[in-house]
Amino acid sequence: MNLAVKAPRRQRGNSRAAESFPQPTARPQPAALLAWYDRHRRRLPWRAAPGKRSDPYRVWLSEIMLQQTTVKAVAPYYARFLARWPDVRALAAAPLDEVLKGWAGLGYYSRARNLHACACAVVARHGGIFPSDEAALRALPGIGGYTAAAIAAIAYDAAVVPVDGNVERVIARLYAVETPLPAAKRDIGQLARGFRPQNRAGDFAQALMDLGATICTPKRPACSLCPWRGGCVAQARGEAEAFPRRTPKREGALRRGAAFVARRTDGYLLLRTRPPRGLLGGMTEVPTNAWTVDFEAADALKDAPRFSRNVSGKKDIAWRRVPGIVRHVFTHFPLELVVYAAEIPTNAQPPKGARWVALDAIAEEALPSLMRKVIAHGLGL
DNA sequence: AATCCGTGGTC
DNA sequence: TGACCAAGGAT
């Protein structure tokens, strides 16, 4: 192997990282955290009983659901998924649409698409067994650096430290890291690696995350209860809450648009499926126009769905503007939709790409929360 | 590197 | 009420 042509190693090793940050007076000990964890570990649906081995499928499923999502929001979804698809082969065998329906309301729908793709890949590439090493996990759809480390540590007890938002906060406070996130991710990851445990790696990983979730919280951290209190620079300064620093993210411009709630007189609703990628990709929606910054309400009806005119004479559909506005906030822009509603004759054929769905059945559709709000508004619920 | 990608809870 | 942000990943 020709080492000479390799690029020089980036100078961000332990030594430099250690010199760059204020050192805690007493270095936090993994044993102290594990002892705290043994007393205060949270009982979570996906967490194995103490001393029991975790099922990699359950660890993976929970970790994907928990990405940018709270424990409380995930719990019912996790229970439903596990009951319906108890192992990776069952999930791989499910139609993607069923997975999207099950995911509806959880958000970040690319996670659901990747979840299904990952299940298929585990079956195809790994014989239905999740790999145990980070690199192989990292190569699977929807599994990034954090999730690969989390699965390796929690399911296989690999000596790695997954760094999620909780761990970033804990580390940033321990060392009073001045670099704001997300630029500080590399440095924080390096510092976290310094805590790589000799044993009980899975417990240590979960302990670190529990610490961030219950003690080292974003607001009003309970420092007096922290097992690592003595080793925390930010707490020693009385500034724990000021970390981690963050660069403010600039907000997206308000977009507006119109949505059309077409109700057939015999109790059907006009729905369609969004394109497979992008915003709300693959999910169900009522017909809408394009959501734009310069939306003109006066032009909204130009984009209303059109029905074949050989039904019910040539009379135009009587769209009525439903009073009020549906507001919704996406990660990168706020949205305001005006809603139009109409009663459509029973024999009207749906426009191309759309379909009639019984009102009784819309609860099982892959409807994102925004569309549930729109439908409720348009139906006067 | 910067953007895109949901939703609901909290204070 | 509105800003913050949660067990991030893909491009």
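Within every chain, numbering begins at 1; the chains are lettered A, B, ... in the order of the sequence lines, protein sequences first and strands thereafter.
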In whole Å, I'd like the distance from the [atom1] atom of [X] to the [atom2] atom of [N].
X      : N      : atom1 : atom2 : answer
A:Y108 : C:dA10 : OH    : P     : 14 Å
A:E168 : C:dC5  : CD    : P     : 12 Å
A:F333 : B:dC5  : CZ    : C1'   : 10 Å

Indicate, with a heavy-atom threshold strictly under 4.0 Å, whether [X] touches base, sugar-phosphate, or nothing.
X      : answer
A:L280 : sugar-phosphate
A:R327 : nothing
A:R220 : nothing
A:V74  : nothing
A:G281 : nothing

- request: Could you check A:R111 against A:K219 and say which one's nearest nucleotide on DNA chain B is further toward the 5' end?
  value: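 That would be A:R111.
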task: State plainly whether the residues A:E285 and A:R274 are in salt-bridge range, i.e. N to O under 4.0 Å.
output: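 The answer is yes: the pair qualifies as a salt bridge.
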field: Residues A:E239, A:R173: salt bridge by 4.0 Å N-O rule
entry: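 A:R173 and A:E239: not salt-bridged.
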query: Looking at side-chain heavy atoms only, is the closest gap between A:E241 and A:P221 below 4.5 Å?
result: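 In contact.
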- prompt: Residues from residues 369-381 of chain A sitting under 4.0 Å of DNA chain B, heavy atoms only?
  reply: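 Close to the strand are A:S369, A:L370.
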- prompt: Which ones in residues 207-218 of chain A lie close to DNA chain B, meaning a heavy atom under 4.0 Å from one of its atoms?
  reply: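 Nothing qualifies; none.
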What about [X], does its side chain sit under 3.5 Å from the base of [N] through a donor-acceptor pair?
X      : N     : value
A:T69  : B:dG8 : no
A:R42  : C:dA7 : yes
A:T147 : C:dG8 : no

Cation over ring face, A:R27 and A:F195, 6.0 Å, 45°: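 That pair qualifies as a cation-pi contact.
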query: Within 45° of the six-membered ring axis of A:Y77 and under 6.0 Å from that ring's centre, is NZ or CZ of A:R80 located there?
result: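 Relative to the ring axis of A:Y77, which defines the angle, A:R80 lies inside both limits.
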query: Nearest nucleotide by nearest heavy atom, which residue falls closer to the 5' end of DNA chain C, A:R47 or A:N114?
result: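 Whichever sits nearer the 5' end wins; that is A:R47.
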query: Which residue, A:Q206 or A:P141, contacts DNA chain C at a nucleotide closer to its 5' end, judged by nearest heavy atom?
result: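 Between the two, 5'-proximity favours A:Q206.
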Pairing donors with acceptors under 3.5 angstrom, does anything connect the side chains of [X] and [Y]?
X      : Y      : answer
A:T265 : A:T346 : yes
A:E63  : A:T147 : no
A:T69  : A:R111 : yes
A:R355 : A:T273 : yes

message: Taking B:dT3 as the reference, what is the distance to C:dA7 when you measure between their C1' atoms (whole Å, please)?
response: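 The answer is 22 Å between these two C1' atoms.
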field: Whole-Å P distance, C:dT11 and B:dG6
entry: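 Result for the P pair: 14 Å, nearest Å.
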query: Is the shortest side-chain N/O distance from A:Y109 to OP1 or OP2 of B:dT7 below 4.0 Å?
result: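 Answer is yes, contact under 4.0 Å.
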task: Hey, can you tell me if A:W356 and A:F307 have their rings parallel, tilted or perpendicular (30° and 60° cut-offs)?
output: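 Geometry flag for A:F307 against A:W356: parallel rings.
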